[in-house]
Asks: 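Handing you a structure now.
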Number of protein chains: 2
Amino acid sequence: MARAATTADAFNAVAEPRRRQILDALATGERSVNDLVAALDLPQPQVSKHLRVLREVGLVLVREEGRRRLYRLDGRPLKAIHDWVGRYERSWSQRFDRLDAVLADLKDEEAEPDGGTDDDE
Amino acid sequence: MARAATTADAFNAVAEPRRRQILDALATGERSVNDLVAALDLPQPQVSKHLRVLREVGLVLVREEGRRRLYRLDGRPLKAIHDWVGRYERSWSQRFDRLDAVLADLKDEEAEPDGGTDDDE
DNA sequence: CCATCATATGCCCGTATCGGCATATGTAGC
DNA sequence: GCTACATATGCCGATACGGGCATATGATGG
C-alpha cells in the first residue's frame with residue numbers, strides 16, 4: 001500500500017514544508033506561479049507540482065488572468081486539522097496541566113479504590 | 001529525495017490516520033500495546049511500529065510495567081501544528097470573512113486605482 | 001503564423017512508506 | 001531452564017513521493 005497520497009487530505013498535503021511555505025506566501029493574497037517561484041526560490045516545475053497538490057485538496061483556488069494563473073488561498077480544509085489538534089491543547093498548555101493531574105488522579109482512584117500514593121492536590 | 005520521513009516532525013507523523021487514532025485512544029490515558037491493538041483492531045506489529053514513530057517525534061512516552069509497556073500521550077509537539085494552522089483561522093471562520101473581503105477590496109484598489117466593478121458589499 | 005513568456009506535464013531516480021508475516025527480545029511464573 | 005505472554009524488529013513487495021530536467025500546452029504580441 002505505501003503511504004497515503006499527499007492529495008489524500010489536508011493533513012498529508014500540509015506535511016510538506018514547501019507546501020506550507022507556499023500557503024504562507026499566499027496568505028498575503030493572490031500570487032502568480034512566477035511570483036511564488038521568485039519568493040520561494042524554487043524551480044518552477046516544483047512550484048507547479050506543489051500547487052497541484054494543494055489544489056487537489058482544496059487549499060488553493062486558481063484564477064486565470066491572461067497567460068498567468070493567480071493562486072489564492074482557501075484555508076477551509078485546514079479547519080479539520082485545527083479541530084483535531086485543538087482537542088489536545090490541554091496537553092501542551094500549562095493552563096490545563098492542573099486539570100489533567102486531577103483527572104489522572106481520579107482515574108487512578110477508579111482503578112485502585114484503596115488509593116495509593118495520595119500526593120497532595 | 002522522496003517524501004520527508006514520518007519521523008521528521010509532528011506534521012508528518014500525524015498525517016497517518018492510524019497514528020491519529022492511536023493518539024485519540026491515548027487521550028483517555030495510559031494504555032498498553034495490547035490495549036491499543038484491541039481498541040484499534042490492528043495487527044500488533046503495526047501498532048508497535050506506529051508507536052515507534054510517535055515516540056520518535058515525542059508524541060508519546062513509554063513506561064515499562066512488568067512485561068508490558070504503557071504508552072502515554074505527550075501532545076507538546078502538536079503545538080507547532082496548532083500554531084501554524086491557527087494563523088489561517090480567518091480563512092475558514094465566518095467571523096473573519098467580512099474583514100477578508102474588505103482587505104481584498106483594498107488590495108484591488110491598490111492594483112487598479114480606476115476601480116473596476118464596484119459591486120457593493 | 002512565429003517567437004516569447006507563463007505554466008503544466010512527463011519521465012527517471014532514489015528513498016521511505018505501510019502492510020503482512022515471521023521472528024527476535026524480554027519478562028513472568030512454574 | 002522451559003513455556004507462555006507482551007512487545008519490538010526484520011525482511012518483503014508495492015506504491016508514490018519529491019527533485020531534476022526536458023518538453024508540452026497555452027496565451028500574447030508583432
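All figures in this text were calculated on a predicted structure; none of them were measured in a lab. Letters A, B, ... mirror the listed sequences (proteins, then strands); counts begin at 1. Excluded from the calculations below are hydrogen atoms, water molecules and symmetry mates; all remaining heavy atoms, backbone and side chain alike, are included.
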Asks: Whether R52(A) and E56(A) form a salt bridge (side-chain N of Lys/Arg under 4.0 Å from carboxylate O of Asp/Glu) is what I want to check.
Replies: yes
Asks: Could you check N12(A) against R55(B) and say which one's nearest nucleotide on DNA chain D is further toward the 5' end?
Replies: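 Mapping each residue to its closest nucleotide by heavy atoms, the 5'-most match is R55(B).
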Asks: Return the 5'-most residue of the pair R67(A), V62(A) with respect to DNA chain C, ranking by each residue's nearest nucleotide.
Replies: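 It is R67(A), whose closest nucleotide lies nearer the 5' terminus.
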Asks: Does dA8(D) have OP1 or OP2 under 4.0 Å away from a side-chain N or O of Y71(B)?
Replies: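 Yes.
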Asks: Let's test your reading of the model: under 3.5 Å, does the base of dA6(D) pair with the side chain of Q44(B) as donor and acceptor?
Replies: no
Asks: Contact class for P45(B) (heavy atom, under 4.0 Å): base, sugar-phosphate, or nothing?
Replies: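 Base, at least one base atom sits under 4.0 Å.
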Asks: Using 4.0 Å as the upper bound for N to carboxylate O, is an ion pair formed by R72(B) and E30(B)?
Replies: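 Judged by the 4.0 Å cut-off on N to carboxylate O distance, E30(B) and R72(B) do not form a salt bridge.
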Asks: Quick one: is dT17(C) close enough that its OP1 or OP2 comes under 4.0 Å of any side-chain N or O from T6(B)?
Replies: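 True: T6(B) side-chain N/O within range (under 4.0 Å) of dT17(C) OP1/OP2.
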Asks: Taking the six-membered ring for Trp, are H82(B) and W92(A) parallel (under 30°), tilted (30 to 60°) or perpendicular (over 60°)?
Replies: tilted
Asks: Determine whether a donor-acceptor pair (one donor, one acceptor, N or O, separation below 3.5 Å) exists between the side chain of E64(A) and the base of dA27(D).
Replies: no
Asks: With respect to the side chain of A2(B), which nucleotide from dG20(D), dT15(C), dT7(C) is positioned closest?
Replies: dT15(C)
Asks: Please figure out whether R52(A) or A4(A) has its closest DNA chain C nucleotide nearer the 5' end.
Replies: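 The residue mapped nearer the 5' terminus is R52(A).
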Asks: Whether R68(A) contacts dT28(D) is assessed here as follows: a side-chain N or O lying under 4.0 Å from the phosphate OP1 or OP2. Is that the case?
Replies: no
Asks: Using a cut-off of less than 4.0 Å, is there contact between a side-chain N or O of N34(A) and OP1 or OP2 of dT7(C)?
Replies: yes
Asks: So, does R18(A) get its side chain near the phosphate of dG19(D), meaning an N or O under 4.0 Å from OP1 or OP2?
Replies: yes
Asks: Do the side chains of D83(B) and R87(B) get close enough for a salt bridge, i.e. N-O under 4.0 angstrom?
Replies: no
